[in-house]
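Every chain is numbered from 1, with letters handed out A, B, ... down the list of sequences. Hydrogens, waters and symmetry mates play no part in the numbers below; they use all other heavy atoms, side chains included.
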Number of protein chains: 2
Amino acid sequence: MYEAALTLYGEAGWAGFSLDAVARRARVGKAGLYSRWGSKERLIVDALAAWIPPRPSGGGPGPLREELIRLATAIFDSYFDPVGLVYLRAQLEAMIYPDLFGQALERLQRERIRLGRAIVLRAVERGELPEGTSPALVLDSVSGILSNHVLSTPASQRRALLGRRDEYVEQTVDFVLSAVGYRAQGRDGLLSL
Amino acid sequence: MYEAALTLYGEAGWAGFSLDAVARRARVGKAGLYSRWGSKERLIVDALAAWIPPRPSGGGPGPLREELIRLATAIFDSYFDPVGLVYLRAQLEAMIYPDLFGQALERLQRERIRLGRAIVLRAVERGELPEGTSPALVLDSVSGILSNHVLSTPASQRRALLGRRDEYVEQTVDFVLSAVGYRAQGRDGLLSL
């Protein structure tokens, strides 16, 4: 049910969201939906609360460059997937309907901030980044450059961009890393870059 | 009419957009709207085609830092305005409905790219940026960092962010400038930074 709700929301946004449309998409009766949630507000808030956004897959912590490339690839891919667009859609709509989306989103936003902060702080501990590096700046940069680039690429050039996804993601991560003073650490603790 | 259409679209998105709703908001008769546009697709395409997105105001060309601060301030402010959100909304929806929004948006996207390219190329000519600096990278960075930061700020902290808008915009621009090797040029052509 939540998946049908989130897919519909990702595609149509809040104005196109209704219990009837979710019931049609999930192929369930409307009566059950109405008796369980009663309103479309309660359903979307529950669906967002239960949602686990796309996460980078595979690999453990560090080195920083590898972690960021995995994260950036997951972010890049999410823009090409209606459910992946849920996060961006909800952020945009939270600017207009803060009472409805603000709270449901706040958990996701704090979780993202915590995830990003952990990645950056581990890198500082390993000596890959200077003390005092701003986690928000690193994450806003990687995520923002990607989203701005994907979204502002004209539809007619989108396929070409997809074709060089890995190269583009690596370039972006390397640009941000050099901007924040990244120093790769070799296994023996010496600089390897 | 176009303003009513764009405001409605910025708030409600494509799924909430209809000729009836535009007529109500613009306080005009539906009959006129139907006879002129016939469908909501044609109205939104015309409204986007006629739209001039928020532009930085005041000041002429250069120096680069000043131009980028004006541009970044206009972008920052646009996220707090339903009509300003039209561009982001249409970009998101063009990922889902490329046939409808792709073409209307492509003009705006190309215009933005041209504007950004002109700013960066002038700065290269003045010696403020190294030869070969990528205009897309500079613009994706400034615009993306801001949008990611504003949109991922929890609703409860948004007022605080607005309160330090100028400081935040300057920090962001200075971060991007240092990342791309900016050198301010004094009036006498010597480095002033």
Who in [range] is close to chain A, using a strict under-4.5 Å heavy-atom cut-off?
range	answer
residues 85-95 of chain B	B:Leu85, B:Leu88, B:Arg89, B:Gln91, B:Leu92, B:Glu93, B:Ala94, B:Met95
residues 150-158 of chain B	B:Val150, B:Leu151, B:Ser152, B:Thr153, B:Pro154, B:Ala155, B:Ser156, B:Gln157, B:Arg158
residues 24-50 of chain B	none

Same cluster or not: are [X] and [Y] linked, directly or through other Ile, Leu, Val, Met, Phe, Trp or Tyr residues, by side-chain heavy atoms under 4.5 angstrom apart?
X	Y	value
B:Ile75	B:Phe80	yes
A:Ile113	A:Leu71	no
B:Leu121	B:Val142	no

Against chain A, label B:Phe17 side chain, backbone, both or neither, depending on which of its atoms sit under 4.5 Å from a heavy atom there.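 For B:Phe17, no heavy atom lies under 4.5 Å from chain A.
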Can you tell me which portion of B:Leu139 sits under 4.5 Å from chain A's heavy atoms? Options are side chain, backbone, both or neither.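 B:Leu139 touches chain A through backbone heavy atoms alone.
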More than 12 non-hydrogen atoms from neighbouring residues, nucleotides or ligands closer than 6.0 Å to CZ on B:Arg117, yes or no?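 It does not: B:Arg117 CZ has 12 such atoms or fewer within range.
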Within a reach of under 6.0 Å around CD of A:Glu3, are more than 12 heavy atoms found that belong to other residues, nucleotides or ligands? no
Based on non-hydrogen pairs under 4.5 Å, which of [options] is most in contact with chain B?
options	answer
A:Gly16, A:Pro98, A:Gly144	A:Gly144
A:Leu137, A:Leu105, A:Asp99	A:Leu137
A:Ile145, A:Thr172, A:Val180	A:Ile145

So, the part of A:Leu146 with a heavy atom under 4.5 Å from chain B: the answer is neither
Donor-acceptor pairs under 3.5 Å, side chain of residues 163-170 of chain A to any protein atom, not counting sequence neighbours: which ones?
| from | atom 1 | to | atom 2 | distance (Å) |
| --- | --- | --- | --- | --- |
| A:Arg165 | NH1 | A:Asp77 | OD1 | 2.9 |
| A:Arg165 | NH1 | A:Asp77 | OD2 | 2.7 |
| A:Glu170 | OE1 | A:Arg65 | NH2 | 3.1 |

Do you know the tightest heavy-atom contact between B:Ser141 and A:Phe175?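 Scanning both residues, the minimum pair turns out to be OG-CE2, 3.5 Å.
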Taking all non-hydrogen atoms of both residues into account, name the closest pair between A:Asn148 and B:Ser143 and its distance.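 For A:Asn148 and B:Ser143, the tightest heavy-atom pair comes out as OD1-OG, 3.0 Å.
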